[in-house]
2 protein chains.
Amino acid sequence: MSPRRVTLAEVAERAGVSRSTASLVLAGRSRELRISHSVEQQVIAAAKELDYRRNAVSVGLRTGKTRTIGFVSDTVATSRLAGDMIKGAVEAARERDLLLFIGETEGEEDLEVGLLQAMHDRQVDGIIFASMFTRAVETPAALTTGPAVLLNAVPKGQSTLSSVVPDEIGAGRSAAQVLLDAGHRDGIHLIGVGPRIRDVPPEALAGVQRLTGIHEVFTGAGVELAGGRICSDWQPELGYEATRELLRETTPSALICLNDRIAVGAYQALDDFGLKVPSDVSVVSFDDHPVATWIRPKLTTIALPHYELGRKAVEVLLREMDSDSEGSAPLGETHRLPMPVRLRDSVAARS
Amino acid sequence: MSPRRVTLAEVAERAGVSRSTASLVLAGRSRELRISHSVEQQVIAAAKELDYRRNAVSVGLRTGKTRTIGFVSDTVATSRLAGDMIKGAVEAARERDLLLFIGETEGEEDLEVGLLQAMHDRQVDGIIFASMFTRAVETPAALTTGPAVLLNAVPKGQSTLSSVVPDEIGAGRSAAQVLLDAGHRDGIHLIGVGPRIRDVPPEALAGVQRLTGIHEVFTGAGVELAGGRICSDWQPELGYEATRELLRETTPSALICLNDRIAVGAYQALDDFGLKVPSDVSVVSFDDHPVATWIRPKLTTIALPHYELGRKAVEVLLREMDSDSEGSAPLGETHRLPMPVRLRDSVAARS
DNA sequence: GCCGGTTGCTAAATCGTGTTAGCAGGGCGC
DNA sequence: GCGCCCTGCTAACACGATTTAGCAACCGGC
């Protein structure tokens with residue numbers, strides 16, 4: 001059924017030259033190898049007439065370069081997150097004529113191993129190993145055999161892998177600063193993590209880092225957090241419960257929710273108690289999930305730059321690939337991307 | 001840096017046989033070609049000791065089969081939709097030892113052409129051409145040269161391509177039936193599309209089909225729709241506006257929102273008018289977006305089976321690939337997947 | 001007339017595998 | 001002793017490109 005592809009041999013024949021010559025011309029090495037102008041034009045014309053395209057599989061076998069990279073993540077479906085990260089990676093890849101393989105491990109070790117093998121079997125030029133929430137990961141052995149980059153994850157223990165992560169500490173600083181700028185100094189409560197750093201499970205890297213940034217800024221301003229409530233899972237339901245418990249005891253001046261889903265629950269709890277956002281209580285949050293603009297008032301939040309993370313990962317991977325092909329060692333740098341503030345309507349000035 | 005992969009030649013040498021023999025054994029053709037048991041065991045042992053894995057690129061070149069499929073969509077990031085569809089496809093592919101290339105066209109023709117070329121250059125075994133919202137698409141010429149399946153889209157004009165789509169008409173029927181079962185017969189309004197089929201822009205295939213199903217059931221039950229309001233875009237804001245306009249004129253008994261985002265807006269408008277869901281007004285919707293369980297009361301909605309759509313697309317594509325390799329014509333069937341009802345708390349019984 | 005250098009191209013090997021035709025050797029029948 | 005069949009394996013080509021070494025022809029100088 002498929003009308004067999006045109007091969008280099010056919011182009012060469014039509015142009016009346018050898019395959020070698022045709023290959024050289026099409027690789028742009030005519031000058032270098034002193035191919036005459038007329039022959040060059042004939043080859044180019046023949047290729048155009050036959051609508052010739054290189055067979056990438058063959059080139060891959062011969063050169064070892066497939067212009068293909070693997071994108072492995074623990075899951076591709078949780079939240080919108082994945083979509084934008086993949087989108088960023090896919091677009092950055094396409095601009096460089098690379099194609100992306102994608103796969104997911106669901107956090108299972110054997111799937112991970114199998115997937116990385118399947119990709120190496122197909123001779124990918126490099127691998128992006130992504131996590132859907134920021135965390136420290138055990139680096140799979142299969143990643144050390146070629147260029148690789150960690151995305152939204154940092155290596156557990158020492159490692160020569162480069163990684164790309166959002167600047168969560170900076171995000172914490174921004175959130176605190178937003179409240180400070182609006183004049184809030186008292187009655188500021190956290191929803192999602194305890195008020196002290198040791199009240200956060202350390203696996204939730206984003207949590208401790210955001211909290212670190214928050215503390216940093218408040219301490220610098222002489223402001224003390226009024227309290228904080230842990231949520232075992234950062235879902236609306238848990239945010240709702242945690243906020244209700246808080247409101248039964250006191251009426252806060254401002255809430256810092258550890259993500260937008262928690263904030264959705266917090267809005268509902270505030271509504272239950274007849275409190276208005278932002279006139280009674282201000283709310284800041286993290287992530288910039290689409291829902292942040294759907295709720296009323298629109299939520300001020302510190303955005304996870306998913307799209308940029310995806311793009312950056314392929315850029316860093318390309319640098320690793322270059323350094324690999326030059327025989328030099330992996331770069332092993334950590335790239336932190338800023339998390340931009342989305343100022344909306346959930347924070348009011350306090351006199 | 002990469003410790004060069006073990007090749008078949010090395011396995012053969014270690015086992016003391018020719019490459020041909022090693023190849024045959026590892027392909028499981030020992031019986032067929034009368035390879036002695038002892039030789040067979042030696043080869044297998046050698047392969048295991050060296051941790052040999054076939055080079056998929058080489059196999060691809062030799063056999064023309066790369067165990068790779070392309071997933072091309074107009075966009076991979078809009079809504080959670082894409083994530084689940086891709087997840088379904090990725091998992092179904094992995095179970096069959098296939099890897100997925102992904103790419104997005106952003107609806108631009110030249111990107112689409114380039115992407116399909118890039119995939120064909122890499123000798124993909126087949127292509128899934130996905131749309132992120134159900135619609136009729138012009139079939140790209142590049143899809144007719146090999147096995148391909150349309151996902152969430154139907155071919156414009158006649159075509160031999162198979163397609164996989166959600167059963168939107170059935171979804172419309174389900175939504176109507178949910179209200180009928182709860183005793184609603186009067187004051188039922190639509191938010192998102194006009195009450196009559198001709199009040200829907202035909203590009204919005206989901207809209208006309210959902211409405212078709214709704215009409216079918218209501219007509220069969222002798223029930224007439226009280227009205228409907230078009231939303232130019234199915235977003236919360238537009239749903240909010242449309243619902244407010246409606247509420248200024250009348251108080252409905254039930255709302256059928258054309259998707260969950262519109263329903264979010266409708267909830268807000270109802271709240272503005274002091275109307276309670278579901279005691280004052282019942283609400284049914286479509287899609288089962290995550291937000292449906294975040295709002296209060298939880299939304300009864302007819303779910304888009306994204307994950308299953310992705311899986312099904314791979315299954316159908318595999319059948320097309322089989323029929324292609326047998327030299328028979330493409331199957332050209334349309335597969336409609338049921339959209340399940342998620343009964344939650346937004347519909348109350350009317351006496 | 002010989003040597004050396006340039007110009008312009010090609011033959012042939014290579015990447016790692018799949019596959020087909022065929023070879024060597026042994027056993028058997030007559 | 002010859003022919004034939006079977007068993008068990010291998011040689012050799014193919015897939016579609018890249019790349020290196022080298023060949024033929026011409027030119028110029030002495």
Side-chain angles (χ1 to χ4, degrees), chain A residues 2 4-44 46-47 50-68 120-125 325, chain B residues 2-44 46-47 50-68 120-123 125 325:
Chain A
S2 328
R4 213 190 24 60
R5 288 174 64 96
V6 172
T7 71
L8 181 60
E10 297 172 63
V11 172
E13 187 182 9
R14 171 176 258 253
V17 299
S18 71
R19 272 154 44 223
S20 323
T21 306
S23 173
L24 260 12
V25 169
L26 296 176
R29 301 181 55 190
S30 316
R31 275 321 83 164
E32 186 186 340
L33 272 122
R34 305 175 300 237
I35 304 293
S36 70
H37 188 70
S38 67
V39 165
E40 181 180 7
Q41 291 308 311
Q42 276 166 43
V43 172
I44 290 174
L50 296 175
D51 197 23
Y52 170 74
R53 312 207 85 232
R54 255 184 194 66
N55 180 325
V57 175
S58 172
V59 173
L61 177 59
R62 181 62 236 254
T63 65
K65 299 277 154 234
T66 52
R67 302 211 65 75
T68 279
H120 277 133
D121 289 352
R122 285 167 178 82
Q123 305 255 76
V124 292
D125 295 333
S325 60
Chain B
S2 327
R4 212 190 24 60
R5 288 174 64 95
V6 172
T7 70
L8 182 59
E10 296 172 64
V11 172
E13 188 182 8
R14 170 175 258 254
V17 299
S18 71
R19 274 157 39 226
S20 322
T21 306
S23 174
L24 292 172
V25 168
L26 295 175
R29 299 181 59 190
S30 315
R31 277 322 82 166
E32 189 186 337
L33 272 123
R34 304 175 299 238
I35 305 293
S36 70
H37 189 68
S38 66
V39 165
E40 181 180 8
Q41 290 308 312
Q42 276 167 42
V43 172
I44 290 174
L50 296 175
D51 196 22
Y52 170 73
R53 311 206 86 234
R54 256 186 194 61
N55 180 324
V57 175
S58 170
V59 173
L61 176 58
R62 182 62 238 251
T63 66
K65 299 279 154 229
T66 51
R67 302 211 64 76
T68 280
H120 278 133
D121 288 351
R122 285 167 179 81
Q123 305 256 74
D125 295 333
S325 60

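What you are looking at is a predicted structure, and each value in this text was computed from that prediction instead of being measured. The sequence lines fix the lettering, A, B, ..., with proteins before strands; numbering per chain opens at 1.
To the nearest angstrom, C1' of C:dT20 lies 13 Å from CD1 of B:I35. Note: CG (B:D121) to C1' (D:dA17) measures 13 Å, nearest angstrom. Atoms CG (A:L33) and P (D:dT19) sit 11 Å apart, rounded to a whole Å. C:dT7 atom P lies 14 Å from atom CD of A:E32, rounded to whole Å. In this entry the distance linking CZ of B:R31 with C1' of D:dC9 reads 14 Å, nearest Å. Look at CZ on B:R34: it is 9 Å from P on D:dC6, rounded to the nearest Å. Residue A:E40 contributes atom CD, which lies 16 Å from atom P of C:dT7 at whole-angstrom precision.
At least one donor-acceptor pair closer than 3.5 Å links the side chain of B:E10 to the backbone N or O of B:T7. In this structure, the side chain of B:T63 engages the main chain of B:V59 through a donor-acceptor pair within 3.5 Å. Between the A:R122 side chain and the A:T66 main chain, no donor and acceptor come within less than 3.5 Å of each other. In this structure a side-chain-to-backbone donor-acceptor pair under 3.5 Å is present from A:R5 to A:R53.
B:A22 and B:V17 get closest at one heavy-atom pair: N-CG2, 4.2 Å. Taking every heavy atom of both residues into account, B:V6 and B:Y52 meet most closely at O-CD1, 3.5 Å. Heavy atoms only, all atoms of each residue included: A:V25 and A:S30 are closest at CA-OG, 3.6 Å. Nearest heavy-atom pair across B:L26 and B:A47 is CD2-CB, 4.1 Å.
In this structure, the side chains of A:Q123 and B:N55 come closer than 4.5 Å at one or more pairs of heavy atoms.
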Give each protein N/O atom lying under 3.5 Å from an N/O atom of nucleotides 24-27 of chain C, with the pair distance.
none

At under 4.0 Å between heavy atoms, how does the protein contact nucleotides 11-18 of chain C? Give one character per nucleotide, 5' to 3', with B, S or -.
BBBBBBBB
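The nearest heavy atom of DNA chain D to A:T21 and to B:A22 marks one nucleotide each, and the one closer to the 5' end goes with B:A22.
If one axis is set at each end of the helix from C:dG1-D:dC30 to C:dC30-D:dG1 from five pairs, those axes are 80° apart, to 10°.
Remark: B:S58 OG to A:D121 CG distance equals 11.5 Å, nearest 0.5 Å. With rounding to the nearest 0.5 angstrom, the CZ atom of B:R62 is 12.5 Å from the CG atom of A:L61.
If you check every strand for non-hydrogen atoms under 4.0 Å, A:V57 touches nothing.
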